[in-house]
Amino acid sequence: MGVADDAGNRSQYGPEAYAPDGTLWWRLTVAPGKRKQAFGDEQKIPAFLAAHVGKGGVFTMRMLRAALGEGAMPNDKEHLNRRLRTLRRRDGWTIASQRDDGSLEHDEYRVVEIGWHPGTGRARPINDSPSDNTRRYVHERDGRRCVICGIAAGEEYDDDGKVARLTLGHRVPGKRLTRTATMDELQTECSRCNESVRDELVDPPTLPQVLPSIRLLPVAIKRELFHRLRDNRRVRTRADDAHESARRLSSSEREQLIRELQAMIGER
């Protein structure tokens with residue numbers, strides 16, 4: 001599709017889908033205002049997803065390659081999959097695969113949240129994507145557990161049985177940072193706790209805010225807190241171990257166990 005065709009079909013998309021010269025962003029070859037700077041796939045992919053797929057929409061890599069190709073020839077570059085992952089790490093997109101959403105086919109993706117794209121008119125976010133070494137260090141430092149809910153990679157969530165995946169998150173949501181995050185501002189989070197809804201929450205507390213109330217705790221609770229923090233995990237009790245087994249019972253067996261426990265403890 002050329003410039004004239006793009007301009008003639010502007011009713012198909014909103015104005016944010018088009019570069020200043022009237023070309024669809026994902027059809028550009030040269031960056032606007034730059035005579036020799038190529039317009040790369042990292043900019044084309046989010047532009048296409050925002051305009052053509054939209055929030056809640058489903059797409060496949062085949063669809064994406066066709067859209068970013070030339071004429072009838074799809075874009076068969078090997079790096080396209082990596083560029084898609086970059087959207088999640090750097091540009092604030094939430095894109096679900098079959099691992100996150102069981103209703104999707106193995107080759108399908110769903111746009112859950114739209115992040116930065118050229119049509120926003122804003123500068124692209126600073127490249128704050130951590131290196132593999134940083135990622136490994138933070139996961140090791142945090143005991144390979146989500147610091148928010150405590151789940152480990154590969155463990156199942158209690159409510160739906162889905163398996164947790166670990167990623168890196170910011171203590172202060174990345175979009176509120178005005179600089180590159182330091183190591184102390186990165187933390188291990190599961191994909192569920194890392195969801196973009198956390199961007200609307202207040203910033204986490206600081207030590208001066210927390211310490212006074214901790215000083216007032218009984219010694220026994222301070223000791224337990226010390227062990228949890230030192231070992232970087234919650235101290236498991238016999239009730240935790242029993243619950244781990246009991247929650248895997250069938251629904252009818254769990255109901256029966258609840259009745260048995262109710263009789264054992266004399267609870268009405």
Side-chain angles (χ1 to χ4, degrees), residues 42 45-46 49-50 53-61 64 79-117 125-177 180-204 228 232-234 240 244 247-248:
E42 286 193 14
I45 292 173
L49 296 181
V53 180
K55 184 174 180 178
V58 174
F59 68 97
T60 64
M61 285 303 300
L64 196 58
H79 68 225
L80 217 61
N81 293 76
R82 296 196 300 273
R83 298 292 183 263
L84 185 62
R85 291 195 292 271
T86 300
L87 300 187
R88 300 166 171 170
R89 296 196 304 267
R90 173 177 175 179
D91 295 333
W93 287 71
T94 302
I95 299 175
S97 65
Q98 189 182 51
R99 292 189 299 179
D100 312 294
D101 184 344
S103 67
L104 296 172
E105 298 295 333
H106 76 278
D107 60 341
E108 291 182 330
Y109 299 87
R110 187 186 307 280
V111 175
V112 180
E113 292 291 341
I114 294 176
W116 177 88
H117 58 89
I126 296 173
N127 186 4
D128 194 24
S129 178
S131 67
D132 289 340
N133 286 338
T134 296
R135 193 177 299 274
R136 282 193 294 269
Y137 170 82
V138 174
H139 286 335
E140 289 291 341
R141 181 199 67 191
D142 295 339
R144 297 191 174 277
R145 287 183 176 270
C146 175
V147 301
I148 298 174
C149 71
I151 199 167
E155 289 185 350
E156 295 181 355
Y157 292 104
D158 288 336
D159 56 352
D160 57 13
K162 288 185 178 179
V163 174
R165 292 186 293 114
L166 296 183
T167 184
L168 287 193
H170 296 81
R171 293 188 65 253
V172 176
K175 73 178 187 180
R176 293 211 291 266
L177 284 176
T180 301
T182 65
M183 197 74 75
D184 202 38
E185 289 162 334
L186 296 173
Q187 62 186 18
T188 302
E189 299 175 4
C190 68
S191 56
R192 179 177 295 186
C193 290
N194 188 247
E195 290 177 353
S196 57
V197 67
R198 290 187 56 243
D199 288 349
E200 310 304 324
L201 301 180
V202 298
D203 291 347
R228 288 190 186 187
N232 202 31
R233 63 180 60 203
R234 183 174 183 270
D240 291 323
E244 180 69 20
R247 74 181 182 85
R248 296 176 182 273

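Between Gly54 and Val111 the shortest heavy-atom distance is O-CB, 3.4 Å. Looking at every heavy atom in both residues, Trp116 comes nearest to Trp93 through O-NE1, 2.8 Å. Looking at every heavy atom in both residues, Ala96 comes nearest to Leu104 through O-CD1, 3.5 Å. The nearest pair of heavy atoms linking Arg83 to Ile45 is CB-CD1, 3.6 Å. For the pair Cys146 and Cys190, the tightest heavy-atom approach, listed with the atom from each and the gap, is SG-N, 3.3 Å. Across every non-hydrogen atom of Ile114 and Lys55, the tightest pair is CD1-N, 3.5 Å.
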What do the steps show when you test Met61 against Leu80 for side-chain contact (heavy atoms from CB on, under 4.5 Å), and what is the final call? CA-CA 9 Å; Met61 285 303 300; Leu80 217 61; 4.1 Å; yes

Please evaluate residues Thr188 and Arg144 with respect to the criterion side-chain contact (heavy atoms from CB on, under 4.5 Å), reporting the C-alpha separation (whole Å), side-chain torsions for both, the decisive distance (0.1 Å), and the verdict. CA-CA 7 Å; Thr188 302; Arg144 297 191 174 277; over 6 Å; no

Please determine whether side-chain contact (heavy atoms from CB on, under 4.5 Å) holds for the pair Ile95 and Leu49, giving the CA-CA distance in whole Å, both sets of side-chain angles, and the decisive distance to 0.1 Å. CA-CA 10 Å; Ile95 299 175; Leu49 296 181; 4.2 Å; yes

Between His170 and Glu185, does the side-chain contact (heavy atoms from CB on, under 4.5 Å) criterion hold? Intermediate values first, please. CA-CA 6 Å; His170 296 81; Glu185 289 162 334; 5.5 Å; no

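The side-chain contact (heavy atoms from CB on, under 4.5 Å) test applied to Asp184 returns Thr182, not counting sequence neighbours. Checked against side-chain contact (heavy atoms from CB on, under 4.5 Å), Ala152 has the following partners two or more places apart in sequence or in another chain: Arg145, Glu155.
With Gln187 contributing its side chain and Gly169 its backbone, the two residues share no donor-acceptor pair below 3.5 Å.
Ring geometry, Phe59 versus Tyr109: the interplanar angle falls under 30°, so the pair is classed parallel (tilted spans 30 to 60°).
The number of heavy atoms from other shown groups lying within 6.0 Å of OH (Tyr157) is above 12.
A distance of 8.5 Å separates CD in Glu108 from CD in Gln98, rounded to the nearest 0.5 Å. In this structure, Leu87 CG and Glu113 CD are separated by 14.0 Å, a value rounded to the nearest 0.5 Å.
Evaluated for a side chain to side chain donor-acceptor pair (under 3.5 Å) with Asp100, the options Lys162, Arg165, Arg110 yield exactly one hit, Arg165.
Looking at Leu168 and His139, their side chains come closer than 4.5 Å, going by heavy atoms from C-beta outward.
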